[in-house]
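Quick note on labels: first sequence line is chain A, next is B, and so on, each numbered from 1. For clarity, every value in this text was computed on a predicted model and none was experimentally measured.
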4 protein chains.
Amino acid sequence: MVSQTANDKRGRILDAAASIFAQHGFFHARVTDIAKEAGVADGTIYLYFKSKDDLLINLFEDRMDDIIATFRGGLGEGLTAGQKLHRFIELHLRLVEEEPALAKVLTVELRQSSKFMRDYQALKFGEYLDLLSDILDEGRASGQFRTTIDPRILKRVIFGALDEVSLVWSSTPQQRRERYELADAATEIWNLCTGGILSTAHRTNTDIARGETA
Amino acid sequence: MVSQTANDKRGRILDAAASIFAQHGFFHARVTDIAKEAGVADGTIYLYFKSKDDLLINLFEDRMDDIIATFRGGLGEGLTAGQKLHRFIELHLRLVEEEPALAKVLTVELRQSSKFMRDYQALKFGEYLDLLSDILDEGRASGQFRTTIDPRILKRVIFGALDEVSLVWSSTPQQRRERYELADAATEIWNLCTGGILSTAHRTNTDIARGETA
Amino acid sequence: MVSQTANDKRGRILDAAASIFAQHGFFHARVTDIAKEAGVADGTIYLYFKSKDDLLINLFEDRMDDIIATFRGGLGEGLTAGQKLHRFIELHLRLVEEEPALAKVLTVELRQSSKFMRDYQALKFGEYLDLLSDILDEGRASGQFRTTIDPRILKRVIFGALDEVSLVWSSTPQQRRERYELADAATEIWNLCTGGILSTAHRTNTDIARGETA
Amino acid sequence: MVSQTANDKRGRILDAAASIFAQHGFFHARVTDIAKEAGVADGTIYLYFKSKDDLLINLFEDRMDDIIATFRGGLGEGLTAGQKLHRFIELHLRLVEEEPALAKVLTVELRQSSKFMRDYQALKFGEYLDLLSDILDEGRASGQFRTTIDPRILKRVIFGALDEVSLVWSSTPQQRRERYELADAATEIWNLCTGGILSTAHRTNTDIARGETA
DNA sequence: CATGAATGAGCATTCATTCAT
DNA sequence: CATGAATGAATGCTCATTCAT
C-alpha cells in the first residue's frame with residue numbers, strides 16, 4: 001500500500017538514498033540531503049542504519065532481495081535453459097530501464113564502498129549471479145548448451161556484458177537515451193549467446209574454433 | 001629513456017597515483033600520500049595537475065595512449081578479423097594481469113570521477129572501444145562475421161565481459177588469484193564469440209535463433 | 001521503606017546516574033544509559049529532572065543530605081573537638097570506601113558542571129564544610145585547638161587533604177586498591193592535625209614556628 | 001623574546017587552549033574558539049596536536065615542565081627540609097595567583113580527560129608530587145621531621161590541601177578575590193605542618209597523639 | 001620549478017531533549 | 001505518569017588546495 005510506504009521511515013530513507021546516491025555518487029552524497037529527501041531528520045537515519053556505508057549496504061541487500069525474488073518468479077518451471085537465459089537478459093535490462101537510479105547505484109556506486117567490495121561481493125550479489133550459473137548448469141545438463149562452457153566464468157562474462165550495457169544506458173542523460181537501445185542490447189547479447197558472431201559460412205564443424213590465431 | 005622516467009616528476013606522480021588509487025580507491029586516496037610515494041612535495045602535484053580529479057583523468061589518458069598504441073601494434077595487418085578479436089581479448093587480459101593496479105584504477109576508480117564519466121567517456125575510452133568496433137566492422141565487411149551484428153553495441157558487450165572478468169580478478173587478493181583464471185576467461189569469451197553457447201545439436205540453420213521464448 | 005525505594009523512579013534514576021557518572025564521567029555519560037540502568041524510558045528522566053545538569057545537582061544534594069545527617073549523628077555530643085575531628089576524618093574516608101562510585105562523582109564529576117560550581121558550591125557543600133569548621137570553632141573555643149587557626153581556611157585545607165586522598169583511592173583500579181590504604185591516610189591526616197610533622201626535638205616553644213625561611 | 005612567542009604557533013595554541021579551557025571548561029571549549037584565540041586556522045591545531053585531548057595533555061606537560069624547573073630552582077641547596085616545605089607551599093600558591101587560568105586547568109579540567117587520568121597521572125604529575133615527597137624524605141632523614149610520617153601519603157595530603165585552596169581561589173570571581181587570601185592559606189597550611197592544630201597545653205609528650213577517640 | 005606549512009570549507013555522527021501516543 | 005521514536009543543533013576532524021619562501 002502507498003500509505004505503508006509513506007510511513008515506513010526505513011523504506012523512505014532507502015528510496016531517498018537510492019535517488020541521492022544515483023544523482024551525486026556515493027561519496028558526494030550528503031547524509032543531510034538524503035534525510036531531506038526522505039523527509040526525516042538527519043539523526044533519524046542513524047536509528048535505522050549504522051553509518052552511511054551501512055545505508056549503501058542495506059540498500060543493496062534490500063533491493064537485491066526484491067530483484068532475486070522477481071527473477072525467481074520470472075524464471076519459473078517449464079522453460080528450457082535457453083528460454084530462461086533469454087528471460088534473464090530481458091529481466092535484467094528491463095529492471096535497468098524501470099529503475100535507472102537503482103541500476104546506477106548497483107552498477108557504479110556500490111563498487112566504492114570498500115566494505116562492500118570486501119565483505120558483501122560474495123553474498124547477495126553471488127546469489128544473483130548464481131541465478132545465471134544455475135541456468136547455465138541446467139542447459140549444460142540438458143544438452144542444450146555445449147558441455148565445454150564453464151558456468152563459473154561464463155556467468156561473469158554474461159553479467160559483465162549486461163552490466164556495461166546498463167552502465168552506459170543509465171549514465172546517458174535522459175534526453176539522449178533512446179528507448180530501443182536496451183532492447184537492441186538484449187538482442188545483441190542473446191544472439192551472441194546463441195550463435196556467436198561468426199557468419200554461417202565461417203563456422204567450423206568443430207564445436208569450438210580455437211587456436212585460430214595461435 | 002630511463003633517466004627521463006626517473007627524473008620525470010610528472011611520470012612519478014602518475015605512477016604513484018596509480019598505486020595509491022588502486023590501494024585505497026580514488027576517494028580514500030590522499031594527495032599527500034601520492035606525493036610521498038612520488039617523492040615530491042604536495043604542492044608539486046599541482047604544478048602538473050589541476051586537481052585530484054585531473055590527476056585521475058591524466059593517469060587514464062596517459063595509460064590509455066600507451067595501451068592503444070600497444071594494441072594497434074598487436075593488431076597489425078595480415079590478420080583476419082577473427083584473429084584480431086582473439087588477439088584483442090588476449091591483450092586486454094594480459095594487460096590486466098601485468099598491471100593489476102592500473103587495471104583496478106581503470107575498472108573501478110574511474111567510474112567515480114563525475115567529471116570523467118561526464119566528459120571523457122567519449123574520448124580516449126571511446127578510442128579504445130573503437131579498436132574493438134573496427135574489428136567488428138572489418139569482420140562484418142569481410143563476411144567473416146554475420147551481418148546482423150551491431151558493432152556499436154557489441155563492442156560494449158565484449159568490453160563489459162572483459163571488464164567484469166578483470167574486475168573480479170584484480171579485486172581478488174593476490175594469494176587467491178590463480179594464474180590460469182584469466183586464460184580460462186579468455187577461452188570462455190572467445191568461445192562465446194565464435195560459437196555461442198548452444199551445443200551443435202541445438203543450433204538452428206537460421207542465422208539468428210530468435211523468438212525461442214517469445 | 002524498601003518498597004518505596006524499589007518503586008521510586010526518582011531514586012532509581014539517581015542511583016543509576018551515580019553509577020554511570022562514576023563509570024564514564026559526567027560528560028561522557030549518556031542519558032539513555034542512565035535510563036537503561038534505571039529501567040525507565042529516556043523521557044521519564046525528564047519528568048523528574050530538568051536536565052542532565054539538574055540530575056547531577058540533585059544527585060549531589062540528595063546524597064549530601066544523607067551524608068550530612070549521618071555525620072551529624074556520628075558527631076554527637078559528649079565528644080571533644082579533637083575526637084570529633086578524628087571521627088570526621090574516619091567518616092569521610094569510610095564513606096569513600098563504602099561508596100566509591102558516589103565518592104568519585106562528588107570528587108571529580110561535580111567539578112565539571114559549570115552550573116554547579118557557580119551556584120551550588122555555597123549550599124549543600126558549604127553545609128558539609130561547616131560541619132568541619134564547627135568542630136574547629138568548638139576546639140578553639142574550648143582551648144583544645146590553638147587560637148591562631150582560621151577555621152574558614154583550615155576547613156578547606158583538611159577537606160582538600162581528605163578529597164585528594166579519596167580521589168586517588170577511588171581512581172585506582174579495584175585490583176590495586178589495598179584496604180589499609182585509606183586507614184593509613186586517616187592516620188596520616190590525623191597525625192598531621194594533632195602534631196604536625198616536626199619531630200619533638202625540632203619543635204619550638206612558640207605556638208607557631210613562622211619565619212623559618214624568611 | 002616577544003616575537004618568538006608571536007610566531008610560535010604551537011605556543012600560541014597552547015596559550016589559547018589554557019585560556020579557553022579555563023573560561024569554558026574542557027568539554028565546552030570549542031576547538032574553533034581556541035584556533036580563533038590563537039590566530040590560526042582550525043586545521044592548524046591538528047598539525048601540532050593529534051586531538052583536543054592531546055592538546056590538553058600537551059598543555060599540561062609543557063606547563064608542568066616549566067613549573068617543575070621553577071620549583072627545582074627555588075628549592076636549591078642550603079635550605080633545611082622545613083624551609084623547603086615552606087618554600088614549596090609559597091611557590092605553589094604564588095603560581096596559582098600569577099596564572100589563575102593555568103591553575104584552573106590543572107586543578108579542574110585535567111581531571112576530565114579520561115586519557116589523562118588513566119595514563120598520565122603517574123608521569124609529570126608524579127614528578128611534581130615527588131618534589132614534595134623528596135622534601136619529606138629529606139626532613140625525615142635529617143631528623144627534622146618525625147620518622148613516623150609516610151611521605152607517599154603525606155605528599156598527597158599536602159598537595160590536596162594546596163589544591164583545594166587553589167581551586168576555591170581560582171574559581172572565585174576576580175572581584176571577590178582578596179589578595180591576602182592565598183597568603184593566609186599558606187600560613188594556615190604551614191602552621192598545620194609545623195605544629196598541628198592543638199594548643200600547646202593539649203599537646204601530649206608522645207610523638208603521636210593517637211587513639212584519642214578510640 | 002619546488003616546497004610544505006597553513007588554510008578553512010565541509011560533513012558524518014552524536015545525543016540531550018521533546019512530544020505524540 | 002510513562003514511553004521511546006524522532007529531532008536537529010552542535011562540533012571535532014579531514015584533506016584538497018594555496019602561496020610565501
Neighbours of DNA chain E within residues 29-41 of chain D, by heavy-atom distance under 4.0 Å: D/Val40, D/Ala41
Just to confirm, is there a sub-4.0 Å distance from OP1 or OP2 of F/dA5 to any side-chain nitrogen or oxygen of A/Lys9? no
Quick one: list whatever passes side-chain contact (heavy atoms from CB on, under 4.5 Å) with C/Asp62, sequence neighbours left out. C/Arg10, C/Leu14
Would you be so kind as to tabulate the donor-acceptor pairs closer than 3.5 Å made by side chains of residues 39-46 of chain D, with sequence neighbours excluded?
from, atom 1, to, atom 2, distance (Å)
D/Asp42, OD1, D/Thr32, OG1, 3.3
D/Asp42, OD2, D/Thr32, OG1, 3.0
D/Thr44, OG1, D/Ala41, O, 3.4

Honestly, is B/Lys52 close enough over B/Phe26, meaning NZ or CZ under 6.0 Å from the six-membered ring centre and within 45° of the axis? yes
Between B/His24 (NE2) and F/dT14 (P), how many Å, whole number? 16 Å
Residue pairs passing the salt bridge (charged side-chain N to carboxylate O under 4.0 Å, His left out) test where at least one lies in residues 18-41 of chain A, sequence neighbours excluded: A/Arg30-A/Asp33
Could you label the plane-to-plane angle of the B/Phe27 and A/His28 rings as parallel, tilted or perpendicular, counting under 30° as parallel and over 60° as perpendicular? perpendicular
Quick check: do A/Leu59 and A/Leu106 have side-chain heavy atoms less than 4.5 Å from each other? no
For D/Tyr48 and E/dA6, is the shortest distance between a side-chain N/O and OP1 or OP2 below 4.0 Å? yes
C/Ile13 CD1 to F/dG4 C1', straight-line distance once rounded to whole Å: 14 Å
5′-ward residue of the pair C/Lys50/A/Gly43 relative to DNA chain E: A/Gly43
Nucleotide E/dA16, atom C1' - distance to CG of C/Asp54 in whole Å: 13 Å
Only counting residues at least two apart or in another chain, list the ones meeting salt bridge (Lys or Arg N to Asp or Glu O under 4.0 Å) with D/Asp66. none
What integer distance in Å separates A/Ile20:CD1 from E/dA12:C1'? 16 Å
Output yes when a side-chain donor or acceptor of C/Lys104 lies under 3.5 Å from a complementary backbone atom of C/Ser170, and no otherwise. no
Nearest-Å distance, CG (A/Leu47) to P (F/dT7)? 8 Å
Rounding to an integer number of Å, can you tell me how far C/Ile45 CD1 sits from F/dA2 C1'? 12 Å
Please determine whether a side-chain nitrogen or oxygen atom of D/Thr44 lies at a distance below 4.0 Å from atom OP1 or OP2 of E/dA6. no
Under a 3.5 Å cut-off on both pairing distances, which runs of 3 or more consecutive Watson-Crick or G-U pairs involve DNA chain E? E:2-21 with F:2-21
Rounded to the Å, how far apart are B/Asp42 CG and E/dT7 P? 16 Å
With heavy-atom distances below 4.5 Å as the criterion, would you say the side chains of B/Phe21 and B/Ile34 are in contact? yes
Would you mind classifying the nucleic acid contact of B/Phe49 as base, sugar-phosphate or nothing, using non-hydrogen atoms under 4.0 angstrom? nothing
Spacing between C/Phe27 atom CZ and E/dA16 atom C1', to the nearest angstrom: 12 Å
